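Input: a single structure, listed below in structure tokens.
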There are 2 protein chains.
Amino acid sequence: MDIRKFLLSTFLFDSFSEKEIDLLVNFASIKKVNKGEQIFSEGQEASAFFIVISGKVKIYKLSPDGKEHTLHIHGKGETVAEAAIFDSMDYPASCMAIEDSVLVRISREGILSLIRKYPELAFKMMSGYSRRLRQFVQKIEELSLKDIKSRLAGYLLENSFEEGGALIYNLSCSKKEIASLLGTIPETLSRALAFLKQKNLISEKNNTIIIKDPEKLKLFSG
Amino acid sequence: MDIRKFLLSTFLFDSFSEKEIDLLVNFASIKKVNKGEQIFSEGQEASAFFIVISGKVKIYKLSPDGKEHTLHIHGKGETVAEAAIFDSMDYPASCMAIEDSVLVRISREGILSLIRKYPELAFKMMSGYSRRLRQFVQKIEELSLKDIKSRLAGYLLENSFEEGGALIYNLSCSKKEIASLLGTIPETLSRALAFLKQKNLISEKNNTIIIKDPEKLKLFSG
DNA sequence: AAGAGTCTTTGACTTAAATCAATAAAGCGT
DNA sequence: ACGCTTTATTGATTTAAGTCAAAGACTCTT
């Protein structure tokens with residue numbers, strides 16, 4: 001298992017050179033967690049951030065009445081909690097494995113000392129931050145001015161891939177989780193999916209959604 | 001408009017010291033553009049990035065058949081094209097003012113040389129990115145699990161200040177803008193305000209909102 | 001294979017907020 | 001001051017999405 005390759009696939013480090021990645025690896029370690037295991041909790045001191053090698057973890061917050069809202073699900077190659085490192089000493093949300101997972105842990109002190117020594121690395125990371133920020137802005141826009149059907153259509157197009165000439169989305173996590181990602185509840189997602197099926201834009205079997213008419217779906221996501 | 005003050009109010013530079021801002025200002029200039037004026041074009045060398053002081057600009061791409069597609073609209077306080085700067089790349093899309101606008105222009109070479117010389121500035125900037133990210137996380141949370149009345153109550157408490165023993169919120173911008181900030185429309189904001197007034201939690205006169213009962217309002221924002 | 005448990009779907013209902021529409025009030029330029 | 005435009009409020013209606021409830025499908029365990 002080559003940690004370097006994974007680091008190069010994250011938005012924060014994808015423009016690092018091999019040598020720069022080697023420097024980074026000095027501060028990285030492997031962390032294995034079981035499904036349901038807590039990785040960190042909201043309010044804890046942020047001593048490190050993580051990158052998922054395999055499995056899936058969710059970032060979530062609890063609302064005052066104890067309801068859980070998933071902000072993000074991180075899969076293979078994605079970074080977790082890097083925002084907490086430079087700003088607060090505390091994690092701004094909680095993180096839990098939703099599958100047995102393997103993570104790279106990068107220590108806060110490690111990454112900070114590295115940037116002090118090699119400021120060029122900061123340029124590359126800031127470019128990554130900038131991109132991440134735009135993702136959030138887009139999510140807020142979508143939440144406030146698109147309905148569920150549009151958000152679902154956009155999500156499917158965004159996360160599908162081509163396979164044998166057809167656009168495929170793999171239902172790798174539960175619809176409950178997807179609903180939460182889209183800022184809604186399972187019932188509503190279920191109805192939205194039914195609607196798109198009924199319009200013959202998608203079909204579903206064996207935990208995969210087949211996008212039958214990407215063009216029309218794109219119109220919907222508008 | 002004092003560039004220093006403005007820069008200190010942006011998320012990217014708000015933790016800079018006076019001296020650091022002075023260094024930055026050496027590479028900053030004001031750029032005024034009229035509605036419809038081009039700010040940069042796709043493929044040009046990215047020689048600078050911008051922060052919007054007033055007005056609005058759009059980021060757009062032209063498809064091969066000449067059709068324009070708006071990717072994003074940036075308003076006051078937002079950064080434009082900074083990813084391209086850190087990537088040392090060409091502008092990946094074009095930018096045009098859609099209103100008469102005023103921007104700060106910060107040269108690529110300027111900001112890069114500054115960070116090379118003072119790597120600590122990169123921490124402050126990344127910390128700025130982090131804080132902004134957390135703001136967005138919070139905004140997403142509020143949008144998905146609070147109703148307008150709660151969001152308004154929270155917003156008022158968040159943005160009010162004490163004056164003569166009373167909590168005051170100054171209506172410095174139009175209610176239209178506040179509505180947009182809260183992710184709703186003026187009519188709904190108007191009704192939410194009326195509701196809070198009717199509950200005797202707030203009152204309004206002369207473009208100021210007086211929070212008469214902060215404790216009860218706090219309960220509402222929960 | 002049977003039972004317990006969670007997911008998922010579907011239906012009936014409720015509610016928050018958007019839309020549509022019509023005034024009223026406040027700015028602004030001449 | 002006068003129109004003219006933009007902004008703000010209020011009412012009636014519609015709609016999207018949440019809630020509640022029930023049943024079917026799917027795991028997992030024993």
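Proteins come first, then strands; the chains are lettered A, B, ... in the order of their sequence lines, and each starts at number 1. Since this is a predicted model, take the numbers as computed values, not measurements.
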Specify whether B/His74 and B/His72 have parallel, tilted or perpendicular ring planes, treating 30° as the upper limit for parallel and 60° as the lower limit for perpendicular. tilted
Distance in angstrom units between B/Asn207 CG and C/dA25 C1', rounded: 13 Å
Walk along nucleotides 13-23 of chain C from 5' to 3' and tag each nucleotide B, S or - by protein heavy-atom contact under 4.0 Å, base first, then sugar-phosphate. ---SSSBB---
Once you round it to whole Å, what is the distance between P of D/dG18 and CG of A/Leu182? 11 Å
Could you tell me how far apart B/Glu99 (CD) and D/dT6 (P) are, to the nearest whole angstrom? 13 Å
Send over the distance from A/Lys175 NZ to D/dT27 P, rounded to a whole Å. 12 Å
Under 6.0 Å from the ring centre and within 45 degrees of the ring axis: does the NZ or CZ of A/Lys31 meet both conditions for the six-membered ring of A/Phe50? no
Derivation and outcome, ring pair (Phe, Tyr, Trp, His ring centres under 6.0 Å), residues B/Tyr129 and A/Tyr129: CA-CA 7 Å; B/Tyr129 272 119; A/Tyr129 262 118; 5.6 Å; yes
Would you mind reading off the distance between A/Phe195 atom CZ and C/dT9 atom P, rounded to a whole angstrom? 16 Å
Go through C/dT9, D/dA8, C/dC7 for me and flag the one nearest to the A/Ser174 side chain. C/dC7
Taking C-beta and beyond as the side chain, do A/Ser47 and A/Arg105 meet within less than 4.5 Å on heavy atoms? yes
Spacing of B/Lys176 atom NZ relative to C/dA26 atom C1', expressed in whole Å: 14 Å
Please report, rounded to the nearest Å, how far the P atom of D/dT9 is from the CG atom of B/Leu196. 13 Å
Using whole Å, what does the distance between atom P of nucleotide C/dC7 and atom CG of A/Leu189 come to? 14 Å
Classify the ring geometry between B/Phe13 and B/Phe49 as parallel (under 30°), tilted (30 to 60°) or perpendicular (over 60°). tilted
Would you compute the distance between atom CD1 of B/Ile73 and atom CD1 of B/Ile98 and round it to the nearest 0.5 angstrom? 4.0 Å
